[in-house]
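Within every chain, numbering begins at 1; the chains are lettered A, B, ... in the order of the sequence lines, protein sequences first and strands thereafter. Treat the numbers as computed from the prediction; the structure is a model and nothing was measured.
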Number of protein chains: 2
Amino acid sequence: MIMLNKLPEKTIERLSQYRRALLISLNNLKHHIYSHELAAMLHITPVQVRRDIMLIGYSGTLRHGYEIKELINLIGAIIDSEEGQKACVVGSGNLGKAIVSYFNGKRTKLTIVAAFDINPDKVNRVYAGVPCYHIDQMSKIIKSDNITMAIMTVPGSEAARVAESLVIVGIKGILNYTPTPVNVPDNVYLQEYDMITSLEKIAYFVKKNSQEF
Amino acid sequence: MIMLNKLPEKTIERLSQYRRALLISLNNLKHHIYSHELAAMLHITPVQVRRDIMLIGYSGTLRHGYEIKELINLIGAIIDSEEGQKACVVGSGNLGKAIVSYFNGKRTKLTIVAAFDINPDKVNRVYAGVPCYHIDQMSKIIKSDNITMAIMTVPGSEAARVAESLVIVGIKGILNYTPTPVNVPDNVYLQEYDMITSLEKIAYFVKKNSQEF
DNA sequence: ATAACACTGTTAATAAATTAACAAATAAAT
DNA sequence: ATTTATTTGTTAATTTATTAACAGTGTTAT
């Protein structure tokens, strides 16, 4: 387990995707997989697959490619933490619910253990196995349940306030699905994702492609 | 408007984000903005902002920075298409609804004009101003309404089938929020996004950061 | 046996993206 | 008037990411 400290960021992303692809293959009763098969599933090149796998120090066999279970385990050893990590969703609207149900059933070391909302109709209900609490209890529950990560799905107008509370209570990673970027200190890992950017990017390339004829 | 054919992909993404940041500033009654202000809003460096803006051929003024309205218009000229583009959402579950309501009110050239679902409880209803049709009507409506882009929010098990239909009916851009990657021909622009990957990546960096002490 | 094939693993080359460095310009301050 | 402080625009350097190239090797076919 050497050198793994400096895995490229993109490789980390792909490891997660490899694992999911591997699990699908496993379900199809496969035991081994070739780099080009994995590549096809992810729309990337076989070289990239081999290189990533090299970087994590795994070796396949020449004739059969990679042993699926072994590779899954190794990826887990790298990207999961043994104890597991807990996440919460802040904002139990459509997006919050979508995320919670999305995770439900997917067995990872990562679990969503709480949702928070301000709406009385939602608090004290359980959605897809995850209880929803009033946001006033957020700090208390994050601490008592030892939650390290938060997914923000509140309206943009609330984003700054929520992020601030999360940082204060000691959250270490934030995934912000709000349309409003937030600021956090350096020791908190922040990822912003905006659907509009994604769609506008697609729109741009659609337009561009259409102009090339 | 020269050379804009080869804008880096990352620059395209940022242009969309710049525009949103600029609109916020405009709402705050600002008329000009400095590269470092824009940078701070997006958590990037001022150099990157200046470089991107250079690439699209805009110039600010030395003392006041960039003229917000002008810049917004220029970005629009690059990433929007004049006629506008229409998108649909396939799958009217929580995620589909979240996306529809997310776009609602955001005024862009990009509009979501239809949703599709298989569930009779959902079809023929209007959510956030967007009508939901039965998926059997998808091809017909995409053609008649001249829809060019689709956002897939169906269950993973349906992904391949839906993508195939979309391609056949002539969709030019697909945003796949399904956990299952799909295959499309080269002339269709595809973007896959998986929330689990995002969260696992955050988990990895949280773990990594915590080990660095 | 040995040739042909189909893989992996890895280094080297290339391309893409980011950052550094600094000249040029202009307002404000002295 | 001249200096100082800022800010842009742009080239060059650096870093990061991807792709190409190919040696090494087990397997199969002849």
Practice prompt. Please state how far atom CD in B/Glu13 lies from atom C1' in C/dA17, giving the value in whole angstrom units.
Written response: 12 Å
Worksheet item: Which residues satisfy the side chain to side chain contact (heavy atoms under 4.5 Å, CB included) test with A/Pro46, sequence neighbours excluded?
Response: A/Ser35, A/His36, A/Ala39, A/Arg50
Worksheet item: Tell me, which of residues 17-25 of chain A have any heavy atom that sits under 4.0 Å from an atom in DNA chain D?
Response: none
Worksheet item: How long is the span from the OG1 atom in A/Thr148 to the CD1 atom in A/Ile174, to the nearest 0.5 Å?
Response: 11.5 Å
Worksheet entry | Whole angstrom value for the distance that separates P of D/dT19 from NZ of A/Lys10 | 11 Å
Worksheet item: Roughly, in whole Å, what's the span from NZ in B/Lys6 to P in C/dA15?
Response: 13 Å
Worksheet item: Can you name the salt bridge (charged side-chain N to carboxylate O under 4.0 Å, His left out) partners of A/Arg51, sequence neighbours left out?
Response: none
Worksheet entry | A/Lys30 side chain near A/Glu37 side chain, heavy-atom distance below 4.5 Å | yes
Worksheet entry | Gap between atoms CD and P, on B/Glu9 and C/dT18 respectively (whole Å) | 11 Å
Discussion item. Applying side chain to side chain contact (heavy atoms under 4.5 Å, CB included) to B/Leu7 and A/Tyr204, what does each step give before you reach the verdict?
Written reply: CA-CA 11 Å; B/Leu7 287 173; A/Tyr204 172 80; 4.3 Å; yes
Worksheet entry | Interatomic distance, B/Leu55 CG vs D/dT8 P [rounded to whole Å] | 16 Å
Report, one line per pair, each donor and acceptor closer than 3.5 Å where one atom sits in a side chain of residues 191-203 of chain A; sequence neighbours left out.
from: A/Gln191; atom 1: OE1; to: B/Ser198; atom 2: OG; distance (Å): 3.4
from: A/Glu192; atom 1: OE1; to: A/Asn176; atom 2: ND2; distance (Å): 2.7
from: A/Glu192; atom 1: OE2; to: A/Val182; atom 2: N; distance (Å): 3.1
from: A/Glu192; atom 1: OE2; to: B/His43; atom 2: ND1; distance (Å): 3.3
from: A/Tyr193; atom 1: OH; to: A/Ser198; atom 2: OG; distance (Å): 2.7
from: A/Tyr193; atom 1: OH; to: B/Tyr177; atom 2: OH; distance (Å): 2.9
from: A/Asp194; atom 1: OD1; to: A/Ile196; atom 2: N; distance (Å): 2.8
from: A/Asp194; atom 1: OD1; to: A/Thr197; atom 2: N; distance (Å): 3.2
from: A/Asp194; atom 1: OD1; to: B/Arg20; atom 2: NH2; distance (Å): 3.1
from: A/Asp194; atom 1: OD2; to: B/Arg20; atom 2: NH2; distance (Å): 3.3
from: A/Asp194; atom 1: OD2; to: B/Tyr102; atom 2: OH; distance (Å): 3.1
from: A/Thr197; atom 1: OG1; to: B/Ser16; atom 2: OG; distance (Å): 3.3
from: A/Thr197; atom 1: OG1; to: B/Arg20; atom 2: NH2; distance (Å): 3.3
from: A/Ser198; atom 1: OG; to: B/Gln191; atom 2: OE1; distance (Å): 3.4
from: A/Glu200; atom 1: OE1; to: B/Ser16; atom 2: OG; distance (Å): 2.5
from: A/Glu200; atom 1: OE2; to: B/Arg19; atom 2: NH2; distance (Å): 2.8
from: A/Lys201; atom 1: NZ; to: B/Glu9; atom 2: OE2; distance (Å): 3.0
from: A/Lys201; atom 1: NZ; to: B/Glu13; atom 2: OE2; distance (Å): 2.6

Fill in: Under 4.0 Å protein heavy-atom contact, by nucleotide of nucleotides 1-11 of chain C - B base, S sugar-phosphate only
-----SBBBBB
Fill in: Inter-residue atom distance B/Leu190.CG - B/Met152.CE, 0.5 Å rounding
8.5 Å
Worksheet, complete the sentence: Taken to the nearest whole Å, CD/A/Glu67 to P/D/dG26 is 18 Å
In residues 86-96 of chain B, what donor-acceptor pairs under 3.5 Å come from side-chain atoms, sequence neighbours left out?
from: B/Lys86; atom 1: NZ; to: B/Asp145; atom 2: O; distance (Å): 3.1
from: B/Asn94; atom 1: ND2; to: A/Tyr127; atom 2: OH; distance (Å): 2.7

Worksheet item: So, A/Tyr189 versus B/Asn209: side-chain donor-acceptor pair below 3.5 Å or not?
Response: no
Worksheet item: In whole angstroms, how far is the P atom of C/dT19 from the CG atom of B/Leu42?
Response: 13 Å
Fill in: Pair assignment for C/dT30, Watson-Crick or G-U wobble, requiring both distances under 3.5 Å
D/dA1
Worksheet item: What is the distance from CD1 of B/Ile44 to P of D/dT15, rounded to the nearest Å?
Response: 20 Å
